[in-house]
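Below: one structure, written as structure tokens.
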Amino acid sequence: MSYNFKEIESKWQHYWQIKNVFSSNEDDSKTKFYVLDMFPYPSGSGLHVGHPLGYIASDIYSRFKRLKGYNVLHPMGYDSFGLPAEQYAIQTGQHPEITTKNNILRYRKQLNKMGFSFDWKRELKTSDKNYYKWTQWIFKQFFNSWYCIKDNKAKPIKLLIQIFEKEGNLNIKAHSNKVLKFSKDNWVAMSKNEKENILLCYRLAYMDETLVNWCPELGTVLANDEVKDGFSERGGHPVIQKKMEQWFLRISAYSQRLLDDIKELDWTHSIKEQQINWIGKSNGALVKFKVRKENDKNENYIIEVFTTRPDTIFGVTYLTLAPDHKLISKITAKNYHERVSNYVVKTNKKSERERLSDVKEVTGEFTGTYAIHPITKKEIPIWISEYVISSYGTGAVMAVPAHDLRDFKFAKKFNLPLIKVISSKDNDNEIYSGKEGKLINSDFLNNLGVTEANNKVINFLEKNNIGLMKIQYRLRDAIFSRQRYWGEPFPIYFKLGIPKILDDDKLPLELPSIEKYLPTKEGDPPLARSKNWEYKNNMPFEKNTMPGWAGSSWYFLRFMDPKNSKEFVSKDKLNYWGNVDLYVGGSEHATGHLLYSRFFTKFLFDTGHININEPFKKLLNQGMILGKSNFVYRIKDSNTFVSYGLINKYEVIRIHVDINLVKNSVLNIKRFKEWRQEFKESEFILENGKYFCGVETEKMSKSKYNVVNPDEIIDNYGADTLRIHEMFLGPIEQYKPWNTNGINGVHNFLKKIWKLFHDDYGGLKFNSIKPSSEILKVLNKTIQKVEEDIESFSFNTSISSLMVLVNLLTNSKCYSKKILEKLVLILSPFAPHICEELWSKLGYNQSIVYQKYPSVNTKILEEKSYLYPVSFNGKMRFKLEFSLDQDKIEIEKILLKHDKVKHYIQNKKIMKIIFVPKKIINIVF
RNA sequence: GCCUAGGUGGCGGAACUGGUAGACGCGCUGGAUUCAAAAUCCAGUUUCCUCGGAAGUGCGGGUUCGAUUCCCGCCCUAGGUACCA
């Protein structure tokens with residue numbers, strides 16, 4: 001009887017489902033273990049072979065942990081709000097809900113065919129109103145909170161109001177937008193609206209104006225990478241920088257805590273590093289520069305700069321402001337107005353990304369105005385330049401061309417002076433940005449080192465009220481509004497222009513049905529199309545929706561208690577399951593999802609709703625499986641295609657071609673012509689009668705026609721083979737191109753196991769013959785190695801050690817029941833279907849899922865002797881066996897007499913003999 | 001530019017804290033079986049040669065009895081980030 005994987009796999013998938021084998025409940029008698037995959041967006045094209053890589057790893061781990069006696073929580077759900085479904089709705093008019101539902105059904109089917117051990121009773125989707133009710137509820141908590149710097153945590157807004165009533169904001173230390181100081185009396189005298197506006201500056205969810213990439217033609221805001229050279233990537237319509245009122249979450253308040261707690265996480269070094277850079281902490285000082293009064297102006301203007309090198313303050317020779325700095329129009333001298341405003345207009349057209357990425361060209365403009373150096377009182381010119389960004393620091397820098405490369409380039413270009421204030425070893429260089437050396441030309445700082453000078457000058461600045469120490473973060477508050485339909489509506493309505501939050505009993509605020517999914521003619525988001533999108537018939541609801549990461553920033557909590565209608569998660573369940581022990585997903589979410597989830601967790605911790613401070617203890621990043629794309633080359637402005645080897649002779653355009661039309665790089669021309677209408681009449685220039693395609697490795701995607709679907713492989717080889725093949729491809733974290741080259745080998749491995757159990761006629765052949773000591777030794781080694789390797793996520797090596805065992809059993813015709821039982825147990829996390837089947841054939845009627853992982857018999861593994869590699873001058877020549885209790889002197893004696901040793905030494909003198917027990921013998925001559 | 005990860009046979013990849021380089025699998029070669037093919041099984045497979053060896057883990061140095069592993073300099077690939085003051 002041969003290995004009929006189709007029958008076996010559907011049999012056990014059905015069994016797991018009807019017996020609810022993977023459903024998990026809180027059980028105090030067992031230790032919990034929470035294994036989570038980053039939940040997918042259910043796209044229209046279904047799963048491709050790259051998706052399951054992480055799911056297979058987490059499934060193996062989950063099944064292994066169950067065998068080790070843990071109570072495993074292993075759920076799956078869908079991040080189902082998002083753009084593709086909305087795009088599809090715009091094109092076809094089909095409601096995104098329907099698209100999403102169909103896609104999810106397909107995903108679920110595909111996931112089940114892989115034999116994953118998900119607890120489907122906990123399945124959730126972010127677009128479900130019973131889920132987004134709680135996303136809205138969490139937003140409400142943000143809205144009703146402020147961040148107290150003194151206690152370093154979020155607190156209820158009610159508390160802030162009490163403080164204002166007592167003492168205004170005179171003593172408050174809080175993360176906020178710019179607010180004027182007011183006293184208790186000021187506060188009491190304010191109107192309701194004025195108060196609300198002030199509170200809005202302190203809330204953790206707040207509204208503010210910001211510049212966005214607005215595309216009038218598309219009626220929508222575009223992300224930075226959707227804009228190319230001032231035009232939209234899709235459609236090529238002009239894009240302008242427009243000020244818009246948007247919701248923000250005050251993640252910047254958490255910068256330091258997000259930074260501090262990274263140390264405790266068991267994440268890869270590179271992901272941690274990415275988050276640290278993203279948060280971007282720098283220590284420095286704020287320094288105030290007075291602007292010199294012009295004859296026609298009487299006002300006192302002060303420019304505040306942020307610097308990380310206050311020690312170089314005597315080297316400042318000019319100031320540079322961002323082109324959108326708010327003082328520019330006020331301070332620019334008359335004769336310079338035209339040039340400056342031209343420059344400002346020019347830079348406004350570019351997106352910030354473009355401004356910063358186009359670094360080759362140094363541009364700038366003099367304002368005609370001078371500032372006064374706060375210490376030397378000398379006059380220094382004020383310039384503007386696009387290399388300064390208004391959203392970082394104060395939007396102004398003090399330029400020290402002698403010790404900063406950017407300032408140096410700028411000064412060179414515009415012939416600005418340079419003052420050297422640090423003497424360095426490389427004294428010849430005009431520019432030195434290092435920190436070694438002594439201060440010169442710096443008055444009271446002379447002869448000090450950089451660090452001392454820094455401390456001293458900050459002291460001086462603070463004493464004289466011209467500056468103060470300051471820690472700056474790069475991390476900016478996160479924009480939380482999207483001008484889209486398919487997302488969570490904000491639980492917000494506006495009363496006289498002031499945002500108000502809905503009461504809990506009004507949640508969820510459901511997404512209304514609309515006719516069309518496009519923005520309105522006036523440029524309002526799609527929700528503006530809904531009639532009666534207002535509260536109590538006269539107060540309009542917020543028309544924006546929340547971004548994709550709103551729902552995904554807390555879903556790991558909901559899985560613990562997915563059906564709860566009273567709370568987003570109950571305290572009991574949270575106490576039991578705690579944080580995610582193992583989180584598996586792609587490293588592309590390093591600074592997005594993973595940072596936002598940490599932020600949400602810390603906030604919910606502050607507000608007392610949860611008792612964990614970090615969401616994901618251990619993070620495993622699976623590498624992407626890349627596709628192999630094929631290309632054809634069309635001669636420009638023609639319908640003729642050139643074979644790959646000849647493309648240098650023509651001017652050609654590269655076009656993706658469906659990989660199903662290509663075999664071994666050779667194009668099937670007939671099928672290609674049928675593929676698309678436009679290619680029907682095409683002609684070909686061939687090589688040796690064949691059309692060769694170009695090949696490149698890139699991300700799998702529908703638009704690249706390089707997607708390989710797992711269904712076909714499961715049909716041909718079965719899910720167990722696919723699971724092992726993907727794991728055997730290499731280390732889980734590595735990026736690798738998809739190939740099926742080795743799949744036969746893996747499939748053979750399973751067939752070999754099947755044959756250990758069955759004879760050619762379908763009879764079972766396991767027996768009770770005592771296995772050899774060698775087999776026992778290898779078996780125990782394998783049990784140990786598989787366990788160690790699963791724990792270190794090195795699945796490829798655990799599989800190869802299983803192969804070694806199976807090869808040995810096959811070659812030595814060992815069919816011992818005791819041995820085979822253990823083999824099936826340790827293999828079952830990898831190939832669960834075949835193992836369930838064999839387990840039942842061994843005579844057990846309980847599922848293998850909750851059996852016990854076999855323990856290692858360490859006695860068997862103990863060695864009495866060791867086969868030493870004997871090397872000469874470090875080069876291994878032959879092997880000799882010695883007992884482990886022979887000492888060095890004894891062994892040396894034997895060696896010196898040995899014929900082979902004499903042969904390699906010949907007549908030379910032995911300098912020494914190195915003997916490392918259980919490792920090596922090295923004879924040096 | 002900076003940060004991070006990596007570079008080992010024809011290919012995917014092994015090698016624990018410095019100790020037998022190339023486990024395991026693919027592919028390839030030869031053989032068995034077969035009318036034949038598929039499947040299966042057995043043997044071989046880093047390179048070079050004079051069959052005794054010699055070289056060999058991106059390149060060039062160094063430390064060491066011994067380096068894929070540690071140190072210094074460089075090259076290449078992938079990911080991230082970018083006038084961040």
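None of the values given here were measured: they were computed from a predicted structure. Naming convention: chains lettered A, B, ... in sequence-line order (proteins, then strands); numbering from 1 in each chain.
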Point to revise | Rounded interatomic separation in angstrom, taking NE2 from A:His747 and P from B:rA38 | key: 17 Å
Review point. Do A:Phe749 and A:His725 have ring centroids that are under 6.0 Å from one another?
Key: no
Review point. How far, in whole Å, is B:rU45 from B:rG25 if one measures between their C1' atoms?
Key: 14 Å
Exercise for review: Find the distance A:Lys272:NZ to B:rG80:C1' and express it as a whole number of Å.
Suggested key: 17 Å
Review point. Are A:Gln734 and B:rG13 close enough that a side-chain N or O sits under 4.0 Å from OP1 or OP2?
Key: yes
**Study point:** Under 4.0 angstrom between A:Arg877 side-chain N/O and B:rA54 OP1 or OP2
**Key:** yes
Practice item. Mind checking A:Val397 for me? I need base, sugar-phosphate or nothing, with any heavy atom below 4.0 Å counting as a touch. Key: base
Exercise for review: Figure out the CD/P separation between A:Glu788 and B:rA14, and round it to whole Å.
Suggested key: 16 Å
Check your understanding: Syn or anti for B:rG27, with syn set at within 90° of 0?
Key -> anti
Check your understanding: In terms of heavy-atom contacts, does NZ of A:Lys435 have more than 12 from other residues, nucleotides or ligands at under 6.0 Å?
Key -> no
Review point. Base, sugar-phosphate alone, or nothing: which one does A:Lys755 contact when heavy atoms must sit under 4.0 Å apart?
Key: sugar-phosphate
Practice item. Using heavy atoms to find the nearest nucleotide of RNA chain B for A:Ala396 and A:Pro737 separately, return the residue whose nucleotide is more 5′. Key: A:Pro737
Review point. Parallel, tilted or perpendicular: which describes the rings of A:Trp383 and A:Phe414, with under 30° parallel and over 60° perpendicular?
Key: tilted
Point to revise | For atom CG of A:Leu405 and atom C1' of B:rC2, their distance in whole Å | key: 12 Å
Check your understanding: For RNA chain B, which consecutive runs of 3 or more Watson-Crick or G-U pairs (each distance under 3.5 Å) count as stems?
Key -> B:1-7 with B:75-81, B:10-12 with B:24-26, B:27-32 with B:40-45, B:46-48 with B:53-55, B:58-62 with B:70-74
Practice item. Please measure how far the C1' atom in B:rC71 lies from the corresponding atom in B:rA55, and state the result in whole Å. Key: 25 Å
Review point. To the nearest angstrom, how far is A:His725 atom NE2 from B:rG13 atom C1'?
Key: 13 Å
Check your understanding: Can the ring centroids of A:Tyr387 and A:Phe410 be said to lie less than 6.0 angstrom from one another?
Key -> yes
Practice item. Describe, in one word, how the ring planes of A:Tyr868 and A:Phe915 are oriented to each other, choosing from parallel (under 30°), tilted (30 to 60°) and perpendicular (over 60°). Key: tilted
Check your understanding: What interatomic distance, in whole Å, is found between C1' of B:rU46 and the corresponding atom of B:rC28?
Key -> 14 Å
Check your understanding: NZ of A:Lys781: more than 12 outside heavy atoms within 6.0 angstrom?
Key -> no
Point to revise | Crowding at CD1, A:Ile889 (>12 non-hydrogen neighbours, <6.0 Å) | key: no
Review point. Is the side chain of A:Ser798 donor-acceptor paired with the backbone N or O of A:Phe795 at a distance under 3.5 Å, no angle test?
Key: yes
Review point. Can the positive tip of A:Lys765 be found less than 6.0 Å from the middle of the six-membered ring of A:Tyr815, inside 45° of the ring normal?
Key: yes
Point to revise | Rounded P spacing from B:rG22 to B:rG56 in Å | key: 16 Å
Point to revise | Intermediate values then yes/no, side chain to side chain contact (heavy atoms under 4.5 Å, CB included), A:Gln275 and A:Trp267 | key: CA-CA 11 Å; A:Gln275 288 212 349; A:Trp267 295 10; 3.7 Å; yes
Practice item. Could you measure between the two P atoms, the one in B:rC16 and the one in B:rA67, and give it in whole Å? Key: 16 Å
Exercise for review: Please tell me which of the listed nucleotides, B:rU81, B:rA85, B:rC65, lies nearest to the side chain of A:Thr308?
Suggested key: B:rA85
Practice item. Respond yes when some side-chain nitrogen or oxygen of A:Asn811 is under 4.0 Å from OP1 or OP2 of B:rC42, and no when none is. Key: yes
Point to revise | 5' precedence on RNA chain B between A:Gly280 and A:Glu273 (nearest-nucleotide basis) | key: A:Glu273
Check your understanding: Counting only side-chain N and O atoms of A:Ser282, is one of them less than 4.0 Å from OP1 or OP2 of B:rA85?
Key -> yes
Exercise for review: In sequence, state the C-alpha distance, the side-chain angles, and the governing distance for A:Lys777 and A:Glu863, and then conclude on salt bridge (charged side-chain N to carboxylate O under 4.0 Å, His left out).
Suggested key: CA-CA 10 Å; A:Lys777 203 178 266 180; A:Glu863 305 271 358; 3.5 Å; yes
Exercise for review: Let me know the distance between CE of A:Met727 and C1' of B:rA14, rounded to the nearest Å.
Suggested key: 17 Å
Review point. What integer number of Å spans the C1' atoms of B:rA54 and B:rC2?
Key: 44 Å
Practice item. Pick the C1' atom in B:rG9 and in B:rC26, then give their distance to the nearest Å. Key: 13 Å
Taking only N/O atoms, report every protein-nucleotides 19-27 of chain B pair under 3.5 Å with atom names and distance.
residue	atom	partner	partner atom	Å
B:rU20	O2	A:Lys879	NZ	2.9
B:rU20	N3	A:Lys879	NZ	3.2
B:rG25	OP1	A:Asn807	ND2	2.9
B:rC26	O2'	A:Asn741	O	3.0

Review point. Which nucleotide in the set B:rC3, B:rA85, B:rA14 lies at the smallest distance from any side-chain heavy atom of A:Val388?
Key: B:rA85
Check your understanding: Between A:Tyr387 and B:rA85, does any side-chain N or O lie under 4.0 Å from OP1 or OP2?
Key -> no
Point to revise | P spacing across the pair B:rG19 / B:rU29, given as an integer number of angstrom | key: 37 Å
Exercise for review: Give the rounded distance in Å between these two atoms: NZ of A:Lys888 and P of B:rC65.
Suggested key: 13 Å
Practice item. Answer yes if the ring centres of A:Phe408 and A:His403 are under 6.0 angstrom apart, and no otherwise. Key: no
Review point. When all nucleic acid strands are considered with a 4.0 Å heavy-atom cut-off, which category describes A:Pro731: base, sugar-phosphate, or nothing?
Key: sugar-phosphate
Check your understanding: To the nearest Å, how far apart are A:Leu594 CG and B:rG80 C1'?
Key -> 14 Å
